[in-house]
A.B. asks: 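Structure provided below as structure tokens; questions to follow.
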Amino acid sequence: MRFQWRGGAAAMSLSTMVATSSAAPASGKPPAILLLRPVDPPFAVALRERFRVLDFLSSGEPLPAFLAAAAAVPDPPRAAVVMGGGAVRVDGVLFDAVPSLRCVVSTAAGIDHIDLPECARRGVVVANSGKVYSADVADHAVGMLIDVMRRVSAADRYVRRGLWPLQGDYPLGSKLSGKRVGIIGLGNIGSLIAKRLEAFGCVISYNSRKPKDSVPYSYFADVRALAADSDVLVVSCALNKETRRIVDGEVLDALGPGGVLINIGRGANVDEAELVRALREGRIAGAGLDVFDGEPKKPAALVAMDDKVVMTPHVAVWTTESRSDLRDHTVANLEAFFSGEPLLTPVTMLP
Amino acid sequence: MDSLGVLLVAPMNAYLEQELDRRCRLFRLWEAPPEPDRRAEFLRANASSIRAVVPYAAHGVDAAMLDALPRLEIVASYSVGIDRVDLAACRARGVRVTNTPDVLTDDVADLAVGLAIAVLRKIPQADRYVRAGLWKSKGDFTLTTRFSGKRVGIIGLGRIGLAVAKRVEAFDCPINYYQRTKQEYPNYTYYPSVIELATNSDVLVVACPLNEHTRHIVNREVMEALGPKGALINIGRGPHVDEAEIVAALVDGRLGGAGLDVFEDEPNVPEALLSLDNVVLVPHVGSGTHETRKAMADLVLGNLEAHVSGKPLLTQVV
């Protein structure tokens, strides 16, 4: 019986996989991969052109059944493509179900959905999205910051409502150039934000787990101290135990009445209820937020702040270029793995 | 300078008005009713006292006003653009003119970059999406276009144009420019015409002064050269751009998008623009920060002080 692999709308059936498990030889066929996340058509095509794609979402099966069937095919999958956000956890359960897996390629930058120690124990190599998203996220952070300081979105609403001829000039904003910017998390994204804002004459400081060598910015071990010394605070760190609610009421108070917060990390990095209170009471001046608690949502309390807040629906990575870069990057990591080369963007455990 | 009679054309800045009132003899043009004959009467009544005028972007000094103020010695504009001051007429009458360069360069450049990112990444539109509850009801927002690495074309590499270039370099944007005289910049590519500049750019920024050579410098051809994926950013003057043409081009999609801070007939903005999703519209806020407007006011006051005390003017144009 001919092995039936993923193509067009055809799903892989359990019986087909079991029936052919001892059939055709493994050599000469494209390697099998597990696809554990949704992909757009160009991405699906790019994968199918190169690999035998075992597609979880199209299978219609519950995950354990799908994994068992995948593990039983001839030349079972040695690599898996996963997404961030914890939809499918990469952990011992997955590896027990599909022992052939030797490589995981995540399409996210963050790796909180991946049990790295377990991967290391089993010799499974892990790749993430590397710097694919970094420029777009940094650009979005800068765009949001200019918007909040200069009230671009609010002024645009004012014009569209026909208020300029009726109410006259729009209230003044705040100068960005030369302001002190504190960045929480100086990784790929944080570094690009710093580089961009330096060109605006901003003075950059940062907080991260440890100071970074050969970085020309002032380091603050304590986020409150960073906030106290900053006019703008940018959250661009990963979400983990240490960074949950890293921006709390005390940090906001330290940022102060003229201060602006920009969050392009995760909603949970900021105490959102405290942020609402701080804005309402004028304890900080404004905020630009791409991420929230409980997405997707209409954050009513923040919407009511009108021109103090700029909000976008988690779109910092959402460009056509990022999508095609991510596709190329994921394919490149998979091809590197299957040809025995090192991964382009391996994730190693931090000491 | 408490004997200096100063005519302020509009209540453009409370601090400026307060200082002029405190330090000079202030005449407020808007206290006269707006009809031309009432204005003329006001000027006549105070002509013997008025030796200085402070205009701004929205209201200049023309030959008629100069004729009405025979004792006028200096025009100290609260703006860097002085397209609405009749410089030839001032020169002819020996009236000195100053403006407010440099102090607003950063703000205008910041806004230009902010508008470019806002247009390409659809930030105001995304903000509207969240505010309207559409994220919850309709799901994901549309994909947008990356800003980093896009080719930025700048019309006029003066103070503001260079400040824009410096900023977008940090986004790895290749920089092209056009101006009447080519200068050598190692990292910037010169194009000998605006059409060629537009053809080779993804984002086109208007940063030149408005004069007889630059009116409608962005015309239909330039917009079409910039194209369906291009974005125009105007932080110059409304008349730099053929406004009727840009409305049509944006509606048709012959021009991809625009970020506009200035318009031909401020505060009026063409109705057709108000409902477009591919534009960002702001009400002439290029220098609109507390810090900069105070610095501009101080420069106006400084120029008036220098004039009165016989010292060199700080930022003389004529």
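Chain letters run A, B, ... following the sequence lines, proteins first, then strands; residues in each count from 1.
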A.B. asks: Do B:S275 and A:R160 get their side chains close enough for a donor-acceptor pair, meaning under 3.5 Å?
C.D. replies: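 Not at all, the side chains of B:S275 and A:R160 share no donor-acceptor pair under 3.5 Å.
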
A.B. asks: Within the 4.5 Å heavy-atom criterion, are B:D140 and A:W318 side-chain neighbours or not?
C.D. replies: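 Counting from C-beta outward, B:D140 and A:W318 do come under 4.5 Å.
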
A.B. asks: Is there side-chain contact between B:T145 and A:E321, with heavy atoms separated by less than 4.5 Å?
C.D. replies: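 Yes, at least one pair of side-chain atoms sits under 4.5 Å.
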
A.B. asks: Between A:I146 and chain B, which part of the residue has a heavy atom less than 4.5 Å away: side chain, backbone, both or neither?
C.D. replies: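 Side chain of A:I146 only, per the 4.5 Å heavy-atom cut-off to chain B.
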
A.B. asks: Test side chain to side chain contact (heavy atoms under 4.5 Å, CB included) on B:V280 and A:D156 and set out the steps.
C.D. replies: CA-CA 6 Å; B:V280 176; A:D156 177 90; 4.0 Å; yes

A.B. asks: Looking at B:K136, I'd like to know if its NZ atom is crowded, meaning that more than 12 non-hydrogen atoms belonging to other residues, nucleotides or ligands lie closer than 6.0 Å.
C.D. replies: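 Check fails, neighbour count at 12 or below.
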
A.B. asks: Would you call B:I123 and A:V152 a side-chain contact if the rule is heavy atoms closer than 4.5 Å?
C.D. replies: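 With C-beta onward as the side chain, the pair stays apart.
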
A.B. asks: Evaluate the criterion side chain to side chain contact (heavy atoms under 4.5 Å, CB included) for residue pair B:R128 and A:M311; output intermediate values, then yes/no.
C.D. replies: CA-CA 8 Å; B:R128 287 199 291 280; A:M311 294 168 288; over 6 Å; no

A.B. asks: Can you tell which part of B:F141 gets under 4.5 Å to a heavy atom of chain A, answering side chain, backbone, both or neither?
C.D. replies: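 For B:F141, heavy atoms of backbone and side chain both lie under 4.5 Å from chain A.
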
A.B. asks: Could you go step by step and tell me if B:V282 and A:V159 meet the side chain to side chain contact (heavy atoms under 4.5 Å, CB included) rule?
C.D. replies: CA-CA 6 Å; B:V282 289; A:V159 172; 5.6 Å; no

A.B. asks: Are a donor atom and an acceptor atom from the side chains of A:S177 and B:R167 found within less than 3.5 Å of each other?
C.D. replies: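 Result is yes, a qualifying pair exists.
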
A.B. asks: Go through the steps to decide whether A:K298 and B:V130 satisfy the test side chain to side chain contact (heavy atoms under 4.5 Å, CB included), and finish with yes or no.
C.D. replies: CA-CA 6 Å; A:K298 176 177 171 176; B:V130 173; 5.7 Å; no

A.B. asks: Quick one: of B:T144, B:V113, B:L120, who has the most non-hydrogen atom pairs under 4.5 Å with chain A?
C.D. replies: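 Of the candidates given, the most pairs with chain A belong to B:T144.
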
A.B. asks: Above 12 or not: heavy atoms from other molecules or residues under 6.0 Å from CD of B:E35?
C.D. replies: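 Yes, enclosed.
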
A.B. asks: Counting only heavy atoms closer than 4.5 Å, note whether B:L276 contacts chain A via side chain, backbone, both or neither.
C.D. replies: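 Only the backbone of B:L276 comes within 4.5 Å of chain A.
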
A.B. asks: Please check if the number of heavy atoms outside A:K308 that lie under 6.0 Å from its NZ is greater than 12.
C.D. replies: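 Atom NZ in A:K308 is packed in, count exceeds 12.
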
A.B. asks: Does any part of the side chain of B:E291, heavy atoms only, come nearer than 4.5 Å to the side chain of A:K179, both counted from C-beta?
C.D. replies: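 Heavy-atom side-chain distance check passes, below 4.5 Å.
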
A.B. asks: Among B:T142, B:D261, B:L134, which has the most heavy-atom pairs under 4.5 Å with chain A?
C.D. replies: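 Top option by heavy-atom pairs under 4.5 Å: B:T142.
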
A.B. asks: Can B:E169 and A:R196 be counted as an ion pair, charged N to O under 4.0 angstrom?
C.D. replies: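 No, no charged N to carboxylate O under 4.0 Å.
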
A.B. asks: Would you say the side chain of B:R121 lies within less than 4.5 Å of the side chain of A:D136, judging by non-hydrogen atoms?
C.D. replies: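 In short, these two side chains touch, coming nearer than 4.5 Å.
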
A.B. asks: Can you give me the closest heavy-atom contact between A:E295 and B:W135, atom names plus distance?
C.D. replies: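 Here A:E295 and B:W135 meet closest at CG-CH2, 3.5 Å.
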
A.B. asks: Where does B:L115 contact chain A at under 4.5 Å (heavy atoms): side chain, backbone, both or neither?
C.D. replies: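 For B:L115, the contact with chain A is made by the side chain alone.
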
A.B. asks: In terms of side-chain geometry, is the basic nitrogen of A:K195 or B:D172 positioned less than 4.0 Å from the acidic oxygen of its partner?
C.D. replies: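 Result for this pair is yes, salt bridge flagged.
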
A.B. asks: Counting only N and O atoms by type, is there a donor-acceptor contact under 3.5 Å from the side chain of B:R146 to the main-chain atoms of A:D139?
C.D. replies: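 Checked: no pair found.
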
A.B. asks: Relative to chain A, which segment of B:V279 carries a heavy atom at a distance below 4.5 Å: side chain, backbone, both, or neither?
C.D. replies: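 It is both, since atoms from each part get that close.
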
A.B. asks: Without swapping roles, check the side chain of A:W164 against the backbone of B:N268 for a donor-acceptor pair under 3.5 Å.
C.D. replies: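 Checked: no pair found.
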
A.B. asks: Please look at A:R161 and chain B and tell me whether the side chain, the backbone, both or neither of the residue comes under 4.5 angstrom of a heavy atom of that chain.
C.D. replies: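 Neither the backbone nor the side chain of A:R161 comes within 4.5 Å of chain B.
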
A.B. asks: Specify the closest pair of heavy atoms between A:V303 and B:R131, including all atoms of both residues, with the distance to one decimal.
C.D. replies: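 Minimum heavy-atom separation between A:V303 and B:R131: O-NH1, 3.1 Å.
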
A.B. asks: Among the options B:A170, B:A116, B:P267, pick out the one with the most heavy-atom pairs lying under 4.5 Å from chain A.
C.D. replies: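 Highest number of pairs under 4.5 Å: B:P267.
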
A.B. asks: Out of A:G173, A:A135, A:P313, return the one with the most heavy atom pairs under 4.5 angstrom to chain B.
C.D. replies: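 Greatest number of close heavy-atom pairs with chain B: A:P313.
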
A.B. asks: So which part of B:L143 gets closer than 4.5 Å to some heavy atom of chain A, the side chain, the backbone, both or neither?
C.D. replies: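 B:L143 touches chain A through backbone and side-chain heavy atoms alike.
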
A.B. asks: For B:S137, is it the side chain, the backbone, both or neither that has a heavy atom under 4.5 Å from a heavy atom of chain A?
C.D. replies: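 Contact with chain A is absent: no heavy atom of B:S137 under 4.5 Å.
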
A.B. asks: Tell me, for A:F200 versus chain B, whether the close heavy atoms (under 4.5 Å) come from the side chain, the backbone, both or neither.
C.D. replies: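 For A:F200, heavy atoms of backbone and side chain both lie under 4.5 Å from chain B.
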
A.B. asks: So A:V142 and B:F171, do their side chains get closer than 4.5 Å, heavy atoms only?
C.D. replies: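 Yes - at least one pair of side-chain heavy atoms lies under 4.5 Å apart.
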
A.B. asks: Atom CD of B:E266 and atom CG of A:D169: how far apart are they, to the nearest 0.5 Å?
C.D. replies: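 Taking CD in B:E266 and CG in A:D169, the distance rounds to 9.0 Å.
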
A.B. asks: Could you look at A:M149 and say if it's the side chain, the backbone, both or neither that has a heavy atom under 4.5 Å from chain B?
C.D. replies: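 Neither part.
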
A.B. asks: Given heavy-atom pairs under 4.5 angstrom as the criterion, report whether the side chain, backbone, both or neither of A:D306 touches chain B.
C.D. replies: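 Both backbone and side chain.
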
A.B. asks: Out of A:R151, A:E198, A:R323, return the one with the most heavy atom pairs under 4.5 angstrom to chain B.
C.D. replies: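 So the answer, after comparing A:R151, A:E198, A:R323, is A:R323.
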
A.B. asks: In Å, rounded to the nearest 0.5 Å, how long is the span from NZ of A:K175 to CG of B:D107?
C.D. replies: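 These two atoms lie 5.5 Å from each other.
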
A.B. asks: Can you measure from CG (A:L176) to CG (B:D110) and round to the nearest 0.5 angstrom?
C.D. replies: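 The CG atom of B:D110 is 5.0 Å from CG of A:L176, to the nearest 0.5 Å.
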
A.B. asks: Go through the atoms of B:S148 and report whether side chain, backbone, both or neither lie under 4.5 Å from a heavy atom of chain A.
C.D. replies: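 Interface part for B:S148: both.
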
